[in-house]
K.L.:
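I'd like to ask some things about the structure below.
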Amino acid sequence: QVQLVESGGGLVQAGGSLRLSCAASGSIFRINRMGWYRQAPGKQRELVAVITREGSTDYADAVKGRFTISRDNPKNTVYLQMNSLKPEDTAVYYCHAGGVNLVSTSIVSTYWGQGTQVSVSA
């Protein structure tokens, strides 16, 4: 099994910064894609940013220029640096690992973290 553990959420004033981390552990051979999604109250979960193993990135239009995703492949860890935060960034942020190859198996799976709350006050 694979577990994703997020950290770094919290309460910050508008214009402030936070850095989220997500570490994957378990019988992992390789993780192809890692990313962050968020879900605000009453809204659907949406993509924030994703990064491939090779380092290619993609961002939601709402966060381009403010958020930066990065990863450490040997540590199976993904980060999200969030700058110039706005009240509309308030949501539960979920870590996602896609295209996960497990050790000694041909199974490819997808995993989610439990989520971490990010709250931005005006």
Side-chain angles (χ1 to χ4, degrees):
Q1 279 290 359
V2 174
Q3 289 187 325
L4 303 180
V5 178
E6 301 123 328
S7 61
L11 174 64
V12 65
Q13 289 187 331
S17 299
L18 285 173
R19 188 188 192 217
L20 305 183
S21 300
C22 171
S25 62
S27 301
I28 300 168
F29 174 70
R30 179 175 56 200
I31 303 176
N32 291 294
R33 300 178 308 280
M34 299 191 80
W36 293 93
Y37 289 70
R38 67 186 181 186
Q39 187 167 18
K43 295 188 177 181
Q44 290 188 333
R45 190 173 299 189
E46 62 179 5
L47 173 70
V48 177
V50 64
I51 184 168
T52 68
R53 183 173 181 82
E54 294 74 24
S56 295
T57 59
D58 194 18
Y59 296 91
D61 288 342
V63 307
K64 283 181 180 177
R66 300 188 297 123
F67 292 9
T68 302
I69 190 170
S70 60
R71 67 185 283 178
D72 185 331
N73 288 333
K75 295 183 178 179
N76 290 323
T77 299
V78 63
Y79 306 96
L80 185 68
Q81 178 65 44
M82 304 185 292
N83 298 329
S84 302
L85 282 161
K86 304 175 181 180
E88 51 263 45
D89 293 318
T90 295
V92 177
Y93 284 68
Y94 296 91
C95 177
H96 175 260
V100 179
N101 297 99
L102 302 180
V103 173
S104 301
T105 176
S106 60
I107 296 173
V108 179
S109 301
T110 297
Y111 299 91
W112 291 92
Q114 293 295 315
T116 184
Q117 177 70 46
V118 171
S119 299
V120 184
S121 62

K.L.:
Applying disulfide (SG to SG under 2.5 Å) as the test, list every pair that has at least one member in residues 91-122; sequence neighbours left out.
P.N.:
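Every pair satisfying disulfide (SG to SG under 2.5 Å) with a residue in residues 91-122: Cys22-Cys95.
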K.L.:
Minimum heavy-atom separation for Val92 and Gly115, please, with both atom names.
P.N.:
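Heavy atoms of Val92 and Gly115 come nearest at CG1-CA, 3.8 Å.
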K.L.:
Residues in salt bridge (Lys or Arg N to Asp or Glu O under 4.0 Å) with Lys64, at least two apart?
P.N.:
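Asp61.
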K.L.:
Using the rule that Ile, Leu, Val, Met, Phe, Trp and Tyr join whenever any side-chain heavy atoms are under 4.5 Å apart, tell me whether Trp36 and Tyr94 fall into a single cluster.
P.N.:
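No.
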K.L.:
Evaluate the side-chain proximity of Ile31 to Val2: yes if any heavy-atom separation is below 4.5 Å, no if none is.
P.N.:
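Not touching, per the 4.5 Å side-chain cut-off.
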K.L.:
I need the full list of side-chain hydrogen bond (donor to acceptor under 3.5 Å, both in side chains) pairs touching residues 6-30, with sequence neighbours left out, sorted by first then second residue.
P.N.:
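Sorted result for residues 6-30: Ser17-Asn83.
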K.L.:
Could you state the interatomic distance from CE (Met34) to CG (Asp72), rounded to the nearest 0.5 Å?
P.N.:
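If I round to the nearest 0.5 Å, the distance is 10.0 Å.
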K.L.:
Can you tell me which residue pairs pass the disulfide (SG to SG under 2.5 Å) test with a partner in residues 47-84, sequence neighbours excluded?
P.N.:
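Matches after skipping sequence neighbours: none remain.
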K.L.:
Would you name the heavy atoms of Ala14 and Ala122 that are closest together and state the gap between them?
P.N.:
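The answer is CB-CA, 4.4 Å.
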K.L.:
Linking directly or through intermediates, with side-chain heavy atoms under 4.5 Å: list the remaining ILVMFWY members grouped with Leu11, chain and number order.
P.N.:
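Besides Leu11, the cluster holds no residue at all.
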K.L.:
Rounded at 0.5 Å granularity, tell me how far CD in Gln81 sits from CG in Leu20.
P.N.:
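So the gap between those two atoms works out to 9.0 Å.
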K.L.:
Side-chain donor-acceptor pairs under 3.5 Å in residues 99-108, sequence neighbours left out?
P.N.:
from, atom 1, to, atom 2, distance (Å)
Asn101, OD1, Asn32, ND2, 3.2
Thr105, OG1, Ile107, N, 3.1

K.L.:
How many angstroms lie between CD1 in Ile28 and CD in Gln1, if you round to the nearest 0.5 Å?
P.N.:
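Going from CD1 on Ile28 over to CD on Gln1, the span is 11.0 Å.
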K.L.:
Can you pull out every ring pair (Phe, Tyr, Trp, His ring centres under 6.0 Å) where at least one residue sits in residues 58-87? Sequence neighbours excluded, please.
P.N.:
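Every pair satisfying ring pair (Phe, Tyr, Trp, His ring centres under 6.0 Å) with a residue in residues 58-87: there are none.
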K.L.:
Quick test of your reading: applying ring pair (Phe, Tyr, Trp, His ring centres under 6.0 Å), list the pairs with at least one residue in residues 101-122, sequence neighbours left out, ordered by first then second residue.
P.N.:
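Ring pair (Phe, Tyr, Trp, His ring centres under 6.0 Å) check on residues 101-122 returns Tyr37-Trp112, His96-Trp112.
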K.L.:
Provide the full list of side-chain hydrogen bond (donor to acceptor under 3.5 Å, both in side chains) pairs with a residue in residues 84-93, sequence neighbours left out, each pair given once.
P.N.:
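Every pair satisfying side-chain hydrogen bond (donor to acceptor under 3.5 Å, both in side chains) with a residue in residues 84-93: Arg38-Asp89, Arg38-Tyr93, Arg66-Asp89.
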K.L.:
Looking at CG of Asn73 and CD1 of Ile51, how far apart are the two atoms once the value is rounded to the nearest 0.5 Å?
P.N.:
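These two atoms lie 8.0 Å from each other.
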K.L.:
Taking salt bridge (charged side-chain N to carboxylate O under 4.0 Å, His left out) as the cut-off, I'd like each qualifying pair that reaches into residues 98-112, sequence neighbours left out, listed once.
P.N.:
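For residues 98-112: none.
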K.L.:
I'd like to know whether CD of Gln39 has more than 12 heavy-atom contacts from other residues, nucleotides or ligands below 6.0 angstrom.
P.N.:
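Correct, the count exceeds 12.
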K.L.:
Mark yes when over 12 heavy atoms from residues, nucleotides or ligands other than Glu46 sit less than 6.0 Å from its CD; otherwise mark no.
P.N.:
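Above 12, so yes.
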K.L.:
Could you tell me which residues satisfy side-chain contact (heavy atoms from CB on, under 4.5 Å) with Arg33, sequence neighbours excluded, listed by chain and number?
P.N.:
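Listed in chain order: Val50.
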K.L.:
Tell me, please, which residues at least two apart from Ala60 pass side-chain contact (heavy atoms from CB on, under 4.5 Å).
P.N.:
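Residues passing side-chain contact (heavy atoms from CB on, under 4.5 Å) with Ala60: Val63.
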